[in-house]
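Since the structure is predicted, the reported quantities are computational estimates derived from the model, not experimental observations. Positions are given from 1, in the same order as the sequence printed here.
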Amino acid sequence: MKLEELRVYQLAMRIGDEIWRIVDDWSYFVKDAFGKQLIRAADSIAANIAEGFGRYHYKEHLNFCYYSRGSLKETVTWLTKALNRNLISKEKFTELNQLCELLSIKLNNYIKTIGNGSR
């Protein structure tokens with residue numbers, strides 16, 4: 001199986017791309033003070049899935065998936081802050097939060113398959 005075929009990776013990429021488009025419209029100050037952190041967290045989700053996928057030993061693969069899960073939780077925190085600071089609409093927050101919840105479930109299931117020694 002190729003990395004690009006993994007649903008968990010595809011969803012992580014989608015979240016990162018959607019957040020990029022949102023932050024791209026913010027003012028310079030907000031992008032610099034807040035947006036960079038949000039983008040780093042969101043992009044780190046897919047990046048860690050990819051890095052783990054490329055590791056030979058399943059324990060390393062697992063560790064990078066755990067990092068990805070941590071980045072996902074960080075992303076949700078930044079999205080909550082964005083909502084609280086009126087940087088995103090309630091509707092956009094709800095949409096992204098639902099995607100993050102779905103990814104959390106899929107990522108946890110993916111982690112279970114790695115622990116079983118399969119991909």
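Under the 4.0 Å criterion applied to side-chain N and carboxylate O atoms, Lys36 and Asp32 are assigned as salt-bridge partners.
A pairwise comparison of heavy atoms in Thr75 and Leu38 identifies O-CD1, 4.0 Å as the closest pair. The shortest heavy-atom contact between Ala50 and Tyr9 is CB-CE1, 4.1 Å. The shortest non-hydrogen separation linking Ile45 to Ala12 is CG2-CB, 3.7 Å.
A donor-acceptor pair under 3.5 Å is absent between the side-chain atoms of Asn97 and the main chain of Phe93, judged by distance alone. At distances below 3.5 Å, not a single donor-acceptor pair connects side-chain atoms of Gln37 with backbone N or O atoms of Trp78. Distance alone, capped at 3.5 Å, is enough to place a donor-acceptor pair between the Trp26 side chain and the Leu87 backbone. With hydrogens and angles disregarded, a donor-acceptor distance shorter than 3.5 Å links the side chain of Ser71 to the backbone of Tyr67. Of the possible donor and acceptor atoms, none in the side chain of Gln98 sits under 3.5 Å from a partner among the backbone N and O of Glu95. Judged by distance alone, the side chain of Ser104 and the main-chain N or O of Cys100 form no donor-acceptor pair under 3.5 Å.
Residue Leu3 holds its CG atom at 9.5 Å from CD of Gln10, rounded to the nearest 0.5 Å. For the atom pair Leu99 CG and Lys106 NZ, the distance stands at 11.5 Å (nearest 0.5 Å). Annotation: the span from Ser68 atom OG to Leu107 atom CG amounts to 5.0 Å, rounded to 0.5 Å. Note: Leu96 CG to Ile22 CD1 = 4.5 Å, rounded to the nearest 0.5 Å. Taken from CG in Leu102 to CZ in Arg14, the straight-line distance is 9.0 Å, to the nearest 0.5 Å. Atoms CG and CG, from Leu72 and Leu103 in turn, are 5.0 Å apart once rounded to the nearest 0.5 Å.
By the salt bridge (Lys or Arg N to Asp or Glu O under 4.0 Å) test, Glu74 pairs with no residue at all, sequence neighbours left out. Evaluation of the salt bridge (Lys or Arg N to Asp or Glu O under 4.0 Å) rule for Glu101 yields no partner, not counting sequence neighbours.
Residues Val8 and Leu62 are members of one and the same hydrophobic cluster, defined by side-chain heavy-atom contacts under 4.5 angstrom among Ile, Leu, Val, Met, Phe, Trp and Tyr. There is a path of hydrophobic side-chain contacts, each under 4.5 Å, that joins Met1 to Ile114. Clustering ILVMFWY residues whenever any of their side-chain heavy atoms sit less than 4.5 angstrom apart, transitively, puts Met13 in the very cluster that holds Ile39. Trp20 and Tyr28 sit in two unconnected hydrophobic clusters of ILVMFWY residues. Membership requires side-chain heavy atoms under 4.5 Å apart, directly or through other members. Both Phe53 and Ile15 belong to a single network of hydrophobic side chains, linked directly or stepwise wherever heavy atoms of I, L, V, M, F, W or Y lie under 4.5 Å apart.
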Check the pair Ile19 / Asp43 against side-chain contact (heavy atoms from CB on, under 4.5 Å), numbers first and verdict last.
CA-CA 9 Å; Ile19 287 173; Asp43 284 348; over 6 Å; no
Assess whether side-chain contact (heavy atoms from CB on, under 4.5 Å) is satisfied between Glu18 and Lys92, documenting all intermediate values.
CA-CA 10 Å; Glu18 288 196 28; Lys92 184 50 84 170; 3.9 Å; yes
Begin from the C-alpha positions of Ile111 and Tyr66 and carry the test side-chain contact (heavy atoms from CB on, under 4.5 Å) through to its verdict.
CA-CA 8 Å; Ile111 287 169; Tyr66 294 145; 3.7 Å; yes
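The side chain to side chain contact (heavy atoms under 4.5 Å, CB included) with Ile88 is formed by just one residue from the set Thr94, Val23, Thr80, Leu79; it is Leu79.
For the pair Asp24/Lys31, a side-chain contact is recorded, criterion being any heavy-atom separation below 4.5 Å from C-beta on.
Taking the centre of each ring, Tyr110 and His61 come in below the 6.0 Å mark.
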